[in-house]
Amino acid sequence: MKILVGLSGGVDSSVALCILKEEGHEVIGATMSIWDKAKHLNITAQKDACFSPHEEEDIKAARALCEKLDVPYHVIDCTKEYQRLVLDNFKSEYLAGRTPNPCVICNATIKFEALPRSAKAQGIAFDKFATGHYARLSYNENLQRYQLRCAADEKKDQSYFLYRLQQEQLSRIHLPLGEYTKEQVRDIARKYNLPVSEKPDSQDFYTGDINDILQTEPKPGNFVDKKGKVLGTHQGIWNFTIGQRRGLGISADRPLYVIGLDKDKNEVMLGYAEDGMKASLSAKDITWLSVPPFTEEKEIFVKLRSSQKPVPAVCVPNGNETATIRFFEKQKAVAAGQSVVFYDENGFVLGGGFIKSAHNAAD
RNA sequence: UGGGGCGUCGCCAAGUGGUAAGGCAUCGGCUUUUGGUGCCGACAUUCGUUGGUUCGAAUCCAGCCGCCCCAG
C-alpha cells in the first residue's frame with residue numbers, strides 16, 4: 001500500500017514511518033507547514049511547540065529521516081487553512097470567554113484533512129494517510145463504521161484529540177502506533193538509531209504568551225467572588241480559563257480558582273475548589289464516531305480533558321447535535337469551549353462535542 | 001495629643017523570655033501533544049523604630065513613628 005506519513009519531526013511519527021516501511025509499504029513523508037513567517041515576524045516563542053517559529057527545525061529533522069530511509073519527502077503548506085480554521089477560531093473563542101482546544105480543531109480540519117488533501121492536489125499519490133498518534137482504529141462490519149479506540153498505552157492515549165474525525169476521514173487513515181507503548185516506540189527509535197530517539201515527549205500548542213496569537217489590546221476588568229465582591233483586577237478575560245489556579249495573584253485563606261468568565265461584564269469569577277464543581281454540562285456540535293447517533297439517554301464514560309480517566313455519566317441527546325451530560329460525581333474545571341468526549345466501557349470513542357455550559361444541578 | 005487597641009514575609013496569621021509555625025500569593029522543577037489541574041521544591045539572620053532590662057527578647061520596660069476605635 002502507498003502510505004503518506006505525517007511527520008512532526010518527533011519520535012512518534014518517525015517511528016510510525018519506520019514501522020510502515022518495515023512492513024513493506026511504500027511510504028512517503030510529509031510535514032504540514034503552519035507557521036506563517038510573514039505574519040508572525042515579531043513573535044518569539046522560545047521552546048519547541050506544535051505552533052512554533054522553529055518549525056523549520058522540525059522540517060529539517062523530518063527531511064533528514066526520510067533521506068536516511070530513502071523515502072520521498074514533501075512539505076505541505078497549510079498556513080492559510082491553519083490561520084482560518086485554527087487560529088481565527090482560537091482567537092474568537094478566547095475573546096468570547098471560552099477556552100478553545102486547538103488540537104481538536106487542527107486534527108479534524110488540518111492534519112487529517114487539509115494536509116492529505118493538499119498533498120493529493122499536488123499530485124502526490126497515496127492510499128492511506130498515517131500519523132504517529134496513539135489510538136486504535138478499526139472497522140466494524142456490523143455497524144458499517146470505522147471505530148476509534150483508546151491506545152493500548154493508556155498513559156499516552158490521544159484519542160481525545162481525534163473524536164471529531166468523520167467516517168470518510170477515518171476510511172483514509174492509518175494509525176500504526178495504537179498497539180504500542182511509548183517505551184516500545186522509543187526502543188524502536190533506538191533500534192533504528194534515530195537521532196530523535198531521546199527527544200522529550202511533551203509538546204505544547206504554543207510556548208509563548210497567547211497574547212502573541214490573539215494580538216489584542218488589554219481590557220482590564222474585575223476579579224470578583226461568587227457574591228460579586230471585587231477582589232482585584234485582570235487584564236482581559238482571555239488570559240483565564242475555568243479551573244485555573246495559578247497566575248491570579250490574589251491571596252486568600254485557601255487557593256482560589258477561576259469558576260466563571262463573564263464576557264459582558266468583563267469579569268473573572270473566583271471561588272474555592274468546591275465552588276467550581278459541576279454536576280452536568282450542555283454540549284453542542286456533537287459528532288458521532290464509533291456508533292450511530294444516540295436517540296435516547298445512555299450511560300457512558302466521558303473525558304473532559306485528554307489526561308483524565310474516563311468518568312461515568314449519562315448522555316441525554318437533545319437533538320440538533322446537542323446533549324446534556326450528567327455526571328455521577330461532580331467534576332471540576334468544566335470549561336466552555338473545551339471538548340467532552342464520549343467513551344464506552346472498552347475505550348471506544350463514541351463521539352463528543354464542545355462544552356457549551358456547565359451546571360451546578362443535574363440538568 | 002482624654003481613654004483604649006494595634007504594628008511579625010506581598011496578603012492573612014501563630015508565637016507573650018530561649019533563639020521566627022502555617023495558609024495564600026509569587027518563583028523554580030516535574031507531569032502533559034489544548035487551556036488547565038496535580039505533585040515537589042524555594043521563599044523573614046528577622047519581628048514599626050530607638051534605647052534599656054536580661055546569659056538570652058518578636059516576646060519585659062521607656063521614648064519616638066504609624067494606624068484604628070471610643071469619646072470629643
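Convention: sequence-line order gives letters A, B, ...; per-chain numbering from 1. Just so you know, these numbers come straight off a predicted model, no measurement behind them.
With both ends at atom C1', the span from rG22(B) to rC43(B) equals 14 Å, rounded to whole Å. Going from the C1' atom of rU59(B) to that of rC40(B) covers 35 Å, rounded to whole Å. Rounded to a whole angstrom, the distance from the C1' atom of rG23(B) to that of rU8(B) is 15 Å. With both ends at atom P, the span from rA21(B) to rU37(B) equals 29 Å, rounded to whole Å. rU49(B) and rC55(B) have their C1' atoms separated by 26 Å, given to the nearest Å. With P as the reference atom, rA57(B) and rU19(B) are 12 Å apart, rounded to whole Å. The same atom, C1', is picked in rC9(B) and in rC68(B); the two are 23 Å apart, to the nearest Å. Taking the C1' atom of each, rG4(B) and rC12(B) are spaced 24 Å apart, rounded to whole Å.
If you take CG of L256(A) and C1' of rC24(B), they are 8 Å apart, rounded to a whole angstrom. Whole-Å rounding puts the K182(A) NZ to rU32(B) C1' distance at 12 Å. When rounded to the nearest whole Å, the span between NZ of K303(A) and P of rU34(B) equals 12 Å. Spacing between atom CD1 of I213(A) and atom C1' of rU34(B) amounts to 11 Å, rounded to whole angstrom units. As rounded to whole Å, 11 Å separates atom P of rC24(B) from atom OH of Y272(A). Rounded to an integer number of Å, the gap from I110(A) CD1 to rU34(B) P is 18 Å. Atom pair R254(A):CZ and rC24(B):P shows a separation of 10 Å (rounding to whole Å applied).
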Give the table of side-chain donor-acceptor pairs shorter than 3.5 Å for residues 284-293 of chain A, with sequence neighbours excluded, one pair per line with atom names and distance.
| unit_1 | atom_1 | unit_2 | atom_2 | d |
| --- | --- | --- | --- | --- |
| S290(A) | OG | L148(A) | N | 3.1 |
| S290(A) | OG | L148(A) | O | 3.3 |
| S290(A) | OG | V349(A) | O | 2.6 |

Hey, can you pull the donor-acceptor pairs under 3.5 Å for the side chains in residues 265-274 of chain A, sequence neighbours left out?
| unit_1 | atom_1 | unit_2 | atom_2 | d |
| --- | --- | --- | --- | --- |
| N266(A) | ND2 | K219(A) | O | 3.2 |
| N266(A) | ND2 | P220(A) | O | 3.0 |
| Y272(A) | OH | D253(A) | OD1 | 2.5 |
| Y272(A) | OH | D253(A) | OD2 | 3.4 |
| E274(A) | OE1 | R254(A) | NH1 | 3.4 |
| E274(A) | OE2 | R254(A) | NH2 | 3.0 |

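The shortest distance between side-chain heavy atoms of H174(A) and M1(A) does not fall below 4.5 Å. The shortest side-chain heavy-atom distance between T241(A) and V258(A) does not fall under the 4.5 Å cut-off. Here the side chains of I213(A) and F205(A) are in contact, with some heavy-atom distance below 4.5 Å.
Of the two residues near RNA chain B, A252(A) and N107(A), the one whose nearest nucleotide lies more 5' is A252(A).
Under the rule for a salt bridge (charged side-chain N to carboxylate O under 4.0 Å, His left out), D127(A) has no partner lying at least two apart in sequence or in another chain. With sequence neighbours excluded, the residues forming a side chain to side chain contact (heavy atoms under 4.5 Å, CB included) with K91(A) are L95(A), L214(A), listed by chain and number. Residues forming a salt bridge (charged side-chain N to carboxylate O under 4.0 Å, His left out) with R190(A) (at least two apart in sequence, or on another chain): E183(A), D187(A), E198(A). Remark: R145(A) engages no residue in a side chain to side chain donor-acceptor pair (under 3.5 Å) (not counting sequence neighbours).
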Inset, instruction - Would you write the dot-bracket representation of RNA chain B, where each base gets (, ), [, ], | or . depending on whether it forms a Watson-Crick or G-U pair under 3.5 Å and with which partner? - result: .(((((((.[[[..)..(...]]].(((((.......))))).....[[[[[..)....]]]]]))))))..
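Nucleic acid contact for G247(A): sugar-phosphate only, since backbone atoms but no base atoms lie under 4.0 Å from a heavy atom of the residue. Among the atoms of the strands shown, none is found under 4.0 Å from any heavy atom of C50(A).
V314(A) shares a hydrophobic cluster with V316(A), F328(A); the chain of contacts runs through ILVMFWY side chains whose heavy atoms sit under 4.5 Å apart.
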Legend entry - Sequence-aligned protein contact record of nucleotides 35-43 of chain B, with B where the base is within under 4.0 Å of a protein heavy atom and S where only the sugar-phosphate is: BBSS-----
